[in-house]
Amino acid sequence: MGWIKVGDLEPVRLMGVINLSQESFYKGSVVSPNEALAAARRLQEEGAEIIDLGAVSTAPGSPPISEERERERLFPSLKEIADNLDVVISADTQRAKIAEKALACGAACINDVSGLHDPDMASKVAEYDGSLIIMASDQRPGDLPALSQIIPHLGERVREATRAGVDLDKISIDPGIGKWMPERTAAQDLAILDGFDRLRIIGRPVMAALSRKSFIGESLKIPDPGERLAGSLAATAVAVYQGAHIVRTHDISASREAIAMATAIRGRPAEASSGDLEVEVLGYLGQGMDLAEHLKRMEVEQGAYQLLSRKGSFRLLMVRGLSSMEALIIKQEMLARGGDAAIPKLALRCDERPQEILILGTHAQISSLIRNLKRQPFRLSQLAAIIKESLELIDSPERYR
C-alpha cells in the first residue's frame, strides 16, 4: 500500500481515520478542514502508517453528498497533509473522478466501500499505479451480510480490478462489517468476524474496519460509540488473530498493544520453501493425537486409534513454483490415495510457466504422498521435504519466534 508492504510476513499496519463529514456516526473522528493536518500528525505520532481521509459518511440515514461538495471537503485537507507529512494517504471515496484527482494530489490508495460500483474506478487507480481497498458490496455498500456471499464477490472484484490493470500486489480487501443498512444485524457481523480467517482463501491482505461500530454497541448494550473502546479493542484483537493485515481505527494509540499481542499469538503462517518451491498450510482440521485421545475415551481398539486419527485430520496445502509435469504427478498421486489436487488448466497443456496447486487430503493421504515423492524424479523429493516441514510447523513453537 503505497510504499508500505502489507502481508503475512509484515507487521499489522495501522490506518488512522479522519472524517471530514459532519454526518459520520462517531463524532470523535470528525474534524474541520483547518484541523485535518494536526489530526493527521497526531495519528502519525501515535503510530498510524496510513491516514484514511473521507468526506462522505456512509452511515445509515446520512444525506447524499454531491460530487462537488465531496471535492470541496476532501482536496484542501488531502493536499495539506500530502505536502507536510511523510505518510501514506488513503482516500475513502466511491467516485472514480474523485479517486483520480486524489491520486494526482498525493494519495497512494483508494478505499472504495462500494466495491467498484463506479465502472471507471479500477482503471483510474491503475492509471496512477495506486493501491486499492475493495469492500464487499453489491448494489449498495455493505449489502452482503454473510461470508458465503462476501468471499466469491470479493474474489470476482479482485479479478475485475486486475483485468483493469491494477497491480494484484496493491489490492487489499474488506469484508464490510458494520451497520451499512438498517436491516444489518449484529449477529451477521459477529459471524463474519468469527470466520475472518476464511477470507485468506482470496489471497489478498485483509483490512479490519471494526472501530466503535454498531455491532459492538449492540453486543455490549452500549449505544454511545464514544464508550465502545474496550469492545473495539477486543474485536480488533480477534480480527488480527484471525489474519487481518490492516486495522482501520479511530484509536491508534490504544490499539497498538492489543494488536501486538494478537499478532504474537497467531504466529507466522505454517509455510516452508526451498529454491523456487513453496508450500503453505492454508487450512487444517483435526490435530493427530487430539482425535486419538477422543478415540481412546470411546474405547476404540488400541491398534486402530492412531490410524483413525490420521484419517480424521484434514489438510489443505498450497504449493507454488511447480512445473506442469510435477503438478500432474501430484494430481495422480493424490487421486490414487483417495485425495485430490486442484491444478490450473495450463498445467494440462504442459505450460512452461510455474504452476500453483492446492493439495486436499487427510493427514494419512498426504503422509503417504510424502513417502512416495521421495522416490519420484524432477524436484519432487525436494518438495516432499518442504511439505513435511510445513505440516510440522502447525504445532511448532518456531512459528511464534
Side-chain angles (χ1 to χ4, degrees), residues 12-31 43 48 50-62 90 92 94 111-115 133-137 140-147 149-150 154 172-197 199 206-256 258-259 262:
V12 174
R13 304 303 185 179
L14 280 160
M15 174 187 281
V17 183
I18 295 179
N19 286 315
L20 301 167
S21 53
Q22 297 299 317
E23 305 84 12
S24 293
F25 83 97
Y26 176 47
K27 302 309 178 186
S29 67
V30 177
V31 301
L43 290 170
I50 308 160
I51 301 295
D52 195 44
L53 199 61
V56 177
S57 174
T58 50
S62 296
S90 167
D92 181 352
Q94 302 173 50
N111 180 12
D112 183 5
V113 300
S114 77
I133 302 170
I134 306 172
M135 198 182 87
S137 303
R140 293 182 292 169
D143 62 355
L144 299 174
L147 283 169
Q149 300 165 288
I150 289 168
L154 280 174
S172 300
I173 57 174
D174 174 1
I177 288 177
K179 198 172 186 65
W180 298 91
M181 303 178 298
E183 57 267 34
R184 188 70 174 259
T185 68
Q188 290 168 335
D189 284 334
L190 291 169
I192 295 169
L193 181 56
D194 188 37
F196 218 75
D197 60 332
L199 294 159
V206 182
M207 183 171 79
L210 315 172
S211 183
R212 298 181 182 265
K213 287 191 171 179
S214 60
F215 81 98
I216 298 169
E218 290 182 39
S219 299
L220 300 179
K221 305 295 188 294
I222 302 175
D224 181 2
E227 301 297 321
R228 297 174 186 166
L229 176 59
S232 286
L233 296 180
T236 295
V238 170
V240 170
Y241 176 73
Q242 295 276 55
H245 304 91
I246 306 165
V247 171
R248 182 182 184 274
T249 178
H250 304 96
D251 307 292
I252 295 294
S253 183
S255 299
R256 289 170 61 185
I259 290 170

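This one's a predicted model, so the numbers in the text were calculated from it and none came from an experiment.
- For Ala258 against Ala237, the heavy-atom pair with the smallest separation is O-CB, 4.3 Å.
- Considering only heavy atoms from C-beta on, Lys213 stays 4.5 Å or farther from Asp189 through its side chain.
- Annotation: side chain to side chain donor-acceptor pair (under 3.5 Å) contacts of Ser232 (sequence neighbours excluded): none.
- With contacts defined as side-chain heavy-atom distances shorter than 4.5 Å, the pair Leu20/Val31 qualifies.
- Separating the CG atom in Leu210 from the CD1 atom in Ile216 is a distance of 6.0 Å, to the nearest 0.5 Å.
- For the pair Gln242 (side chain) and Asp194 (backbone), a donor-acceptor distance under 3.5 Å is present.
- For Asp174, the salt bridge (Lys or Arg N to Asp or Glu O under 4.0 Å) criterion is met by no residue, not counting sequence neighbours.
- Across all non-hydrogen atoms, the minimal contact from Phe196 to Pro175 is CE1-CG, 3.5 Å.
- Side-chain contact between Met181 and Asp143 is present, with heavy atoms from C-beta onward closer than 4.5 Å.
- The side chain to side chain contact (heavy atoms under 4.5 Å, CB included) test with Val206 singles out one residue from Asp197, Ile246, Ile173, and that residue is Ile173.
- Rounding to the nearest 0.5 angstrom, the gap separating the CE atom in Met135 from the CE atom in Met207 is 8.5 Å.
- Side-chain atoms of Ile259 and Thr236, non-hydrogen and from C-beta on, do get closer than 4.5 Å to each other.
- Atom CD1 of residue Ile50 and atom CD1 of residue Ile133 lie 6.5 Å apart, to the nearest 0.5 angstrom.
- Across all non-hydrogen atoms, the minimal contact from Ile150 to Ala136 is CG2-CB, 3.7 Å.
- Evaluation of the salt bridge (Lys or Arg N to Asp or Glu O under 4.0 Å) rule for Arg256 yields no partner, not counting sequence neighbours.
- No side-chain heavy atom of Arg228 sits less than 4.5 Å from a side-chain heavy atom of Phe215.
- Ala239 and Leu193 make their closest contact through CB-CD1, 3.8 Å (heavy atoms, listed as atom of the first residue, atom of the second, distance).
- Listed by chain and residue number, Arg212 satisfy the side chain to side chain donor-acceptor pair (under 3.5 Å) test with Asp251 (two or more places apart in sequence, or in another chain).
- Distance alone, capped at 3.5 Å, places no donor-acceptor pair between the Ser57 side chain and the Ser21 backbone.
- Of the inter-residue distances, the one linking Ser214 atom OG with Arg184 atom CZ reads 9.0 Å to the nearest 0.5 angstrom.
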Point to revise | Test side chain to side chain contact (heavy atoms under 4.5 Å, CB included) applied to Ser219 and Leu190, step by step | key: CA-CA 9 Å; Ser219 299; Leu190 291 169; 3.6 Å; yes
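- Evaluation of the salt bridge (Lys or Arg N to Asp or Glu O under 4.0 Å) rule for Asp52 yields Arg248 as partners, not counting sequence neighbours.
- Ile192 CD1 to Ile177 CD1: the interatomic distance, rounded to the nearest 0.5 Å, is 5.5 Å.
- Here Thr185 pairs with Ala187, Gln188 under the side-chain contact (heavy atoms from CB on, under 4.5 Å) rule; sequence neighbours left out.
- Asp112 and Ser114 share a side-chain donor-acceptor pair at under 3.5 Å.
- When all heavy atoms of Thr249 and Ser211 are compared, the closest pair comes out as OG1-OG, 3.6 Å.
- Considering OG of Ser172 and CE of Met15, their distance stands at 8.0 Å, rounded to 0.5 Å.
- Residues Leu147 and Leu199 meet the side-chain proximity criterion, which asks for heavy atoms closer than 4.5 Å.
- Pairing each heavy atom of Leu233 with each of Ala254, the nearest pair is CD2-O, 3.6 Å.
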